[in-house]
There are 2 protein chains.
Amino acid sequence: MPGSSSQVSIEKKHEISGFTLEKTVKLMKLTFSRILLMHQYVDVTVDQWVVMHILCKHQQLSQQELGELTFKDAPTITRIIDLLVQKGLVIRSTDEKDRRRFMIKLTIEGIEKYRFIEPIVQEFRAEAYAGISVDELLMLQNTLNKIFVNLSKQN
Amino acid sequence: MPGSSSQVSIEKKHEISGFTLEKTVKLMKLTFSRILLMHQYVDVTVDQWVVMHILCKHQQLSQQELGELTFKDAPTITRIIDLLVQKGLVIRSTDEKDRRRFMIKLTIEGIEKYRFIEPIVQEFRAEAYAGISVDELLMLQNTLNKIFVNLSKQN
DNA sequence: TGCATATTATTAGTATACTAATTAATTAGA
DNA sequence: TCTAATTAATTAGTATACTAATAATATGCA
């Protein structure tokens with residue numbers, strides 16, 4: 001019975017909650033965080049590193065741009081930048097064209113620290129994705145993007 | 001050249017960071033949280049609801065068991081339970097067999113509230129997973145589990 | 001041109017996540 | 001039986017996420 005089959009599929013579909021997604025992300029972040037902690041030279045958190053990663057890629061960005069690219073809200077960006085400034089890893093300077101805006105960039109020390117951490121990240125990813133083919137990871141990416149797009153329509 | 005092909009695949013694999021995973025989870029949680037906020041009767045956060053969900057499924061659990069099943073750490077469980085007790089949604093009672101342990105269960109009100117929220121969750125999931133087949137979601141689940149298992153070996 | 005509206009960053013408050021430490025209770029082993 | 005080791009929950013501290021509000025600045029429109 002086609003209707004019965006469809007009903008079963010819908011119920012099966014709804015069993016798959018965000019729980020698996022969330023706990024996997026949590027474990028990834030937790031593991032990566034612990035790996036960072038093992039290096040004495042490393043004094044940045046996972047999220048601080050994410051910000052540094054984006055800055056290294058783009059050279060200089062406003063806090064707003066940073067927030068968009070890292071998918072973090074403004075107050076959180078402000079706080080992360082505050083901490084990175086304290087650690088001497090980024091510089092916050094005013095934008096000549098807009099006095100409300102700050103431009104953020106990595107210091108020399110920030111770039112060096114980023115470069116030190118990068119291979120650690122690669123190592124971590126190799127472990128996380130061990131035994132998973134590129135095709136499978138691309139499919140994962142694809143499905144996640146579908147979910148993201150679905151929910152972006154809501155916001 | 002076989003070596004060259006292998007090298008390209010490895011590089012491609014390492015571009016896929018946890019970023020897509022994390023931002024999707026964040027958007028899911030954020031969207032769900034906003035949907036909950038739209039209902040006046042609902043005064044629980046996403047994470048509080050997750051705890052209630054597990055309690056409804058298992059009737060009564062220790063805090064430790066709750067933490068394991070929700071993948072949350074002990075201090076966080078303590079705080080969430082504190083808030084749920086304040087809201088009159090769960091009861092915390094001592095375990096007769098072990099005086100260090102508390103047993104947690106939903107109140108009548110807690111069960112009612114859970115029942116009220118459940119269809120909201122289903123609705124949310126339907127939106128998040130729109131246009132995604134059951135097979136694709138199962139593959140998603142499968143890949144996530146592989147990552148989880150990979151990293152569980154580290155901890 | 002002037003003012004209403006929008007924007008950028010910050011502050012404050014609440015909730016959650018993680019580490020470290022502590023206390024009281026339980027377990028394991030000599 | 002006694003004690004060292006382990007366990008369950010809590011407290012404290014730091015970091016991040018989200019909402020709401022605010023002040024200063026920029027933009028849009030009459």
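In this text, all values refer to a predicted model and were calculated from it rather than measured experimentally. Naming convention: chains lettered A, B, ... in sequence-line order (proteins, then strands); numbering from 1 in each chain.
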**Message:** Closer than 4.0 angstrom, basic N to acidic O: yes or no for B:Lys87 and B:Asp43?
**Reply:**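 No, B:Lys87 and B:Asp43 are not salt-bridged.
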**Asked** Salt bridge or not for B:Asp95 and B:Lys97, using N-O below 4.0 Å?
**Response**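 No salt bridge links B:Asp95 with B:Lys97.
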**Nearest to side-chain heavy atoms of A:Asp98, which nucleotide of C:dC18, C:dT10, D:dA26** =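 Minimum distance to the A:Asp98 side chain belongs to D:dA26.
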**Request:** Using heavy atoms to find the nearest nucleotide of DNA chain D for A:Lys87 and B:Lys29 separately, return the residue whose nucleotide is more 5′.
**Result:**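 Looking at DNA chain D, the more 5' nearest nucleotide goes with A:Lys87.
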**Request:** Hey, which sits more toward the 5' end of DNA chain D by its nearest nucleotide, A:Arg99 or A:Val46?
**Result:**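 With A:Val46 and A:Arg99 compared, the 5'-side residue is A:Val46.
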**Request:** Look at the side chain of A:Asn142 and the backbone N and O of A:Leu138, then say whether any donor-acceptor pair between them is shorter than 3.5 Å.
**Result:**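 Side chain of A:Asn142 to backbone of A:Leu138, a donor-acceptor pair under 3.5 Å: no, none is there.
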**Item:** Test item: A:Glu65 side-chain N/O and A:Ser62 main-chain N/O as donor-acceptor pair under 3.5 Å
**Value:**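 Yes, because the side chain of A:Glu65 sits within donor-acceptor range (under 3.5 Å) of the backbone of A:Ser62.
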Measure [atom1]/[X] against [atom2]/[N] and give the value in whole Å, please.
X        : N      : atom1 : atom2 : result
A:Phe102 : D:dT25 : CZ    : P     : 11 Å
A:Gln86  : D:dT14 : CD    : C1'   : 12 Å
B:Asp47  : C:dC18 : CG    : P     : 11 Å
B:Ile77  : C:dA17 : CD1   : P     : 8 Å
A:Leu84  : D:dT16 : CG    : P     : 8 Å
A:Met103 : C:dA9  : CE    : C1'   : 14 Å
A:Arg34  : C:dC18 : CZ    : P     : 8 Å
A:Asp73  : C:dA9  : CG    : P     : 13 Å

**Message:** I'd like to know if the side chain of A:Gln63 pairs up with that of A:Arg101 as donor and acceptor (distance under 3.5 Å, no hydrogens or angles considered).
**Reply:**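 No, because no side-chain N or O of A:Gln63 sits under 3.5 Å from a partner of the opposite role on A:Arg101.
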Taking 4.0 Å as the cut-off, does a side-chain nitrogen or oxygen of [X] come that near to OP1 or OP2 on [N]?
X        : N      : value
A:Thr45  : D:dT16 : yes
B:Arg100 : C:dT26 : no
B:Thr78  : D:dA9  : no
A:Thr76  : D:dT16 : no
A:Lys26  : C:dA17 : yes
B:Lys72  : C:dT16 : no

**Asked** How is B:Leu83 classified with respect to the nucleic acid when contacts are heavy atoms under 4.0 Å: base, sugar-phosphate, or nothing?
**Response**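 Sugar-phosphate: the residue B:Leu83, judged by heavy atoms under 4.0 Å, touches backbone atoms but no base.
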**Request:** Would you kindly check if the NZ (Lys) or CZ (Arg) of A:Lys26 is within the cone defined by 45 degrees around the ring axis of B:Phe71 and under 6.0 Å from the six-membered ring centre?
**Result:**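 Here A:Lys26 fails the 6.0 Å and 45° test against B:Phe71.
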**Donor-acceptor pair (no angle test) under 3.5 Å: A:Arg79 side chain, C:dA12 base** =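 Check passes, donor-acceptor contact within cut-off.
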**Message:** Nearest heavy atom decides the nucleotide; on that basis, is A:Gln64 or A:Glu22 closer to the 5' end of DNA chain C?
**Reply:**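 The 5'-side residue here is A:Gln64.
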**Message:** Here's a test of your reading of the structure: between A:Arg101 and A:Ser33, which maps to the more 5' nucleotide of DNA chain C?
**Reply:**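 The residue closer to the strand's 5' end, by nearest nucleotide, is A:Arg101.
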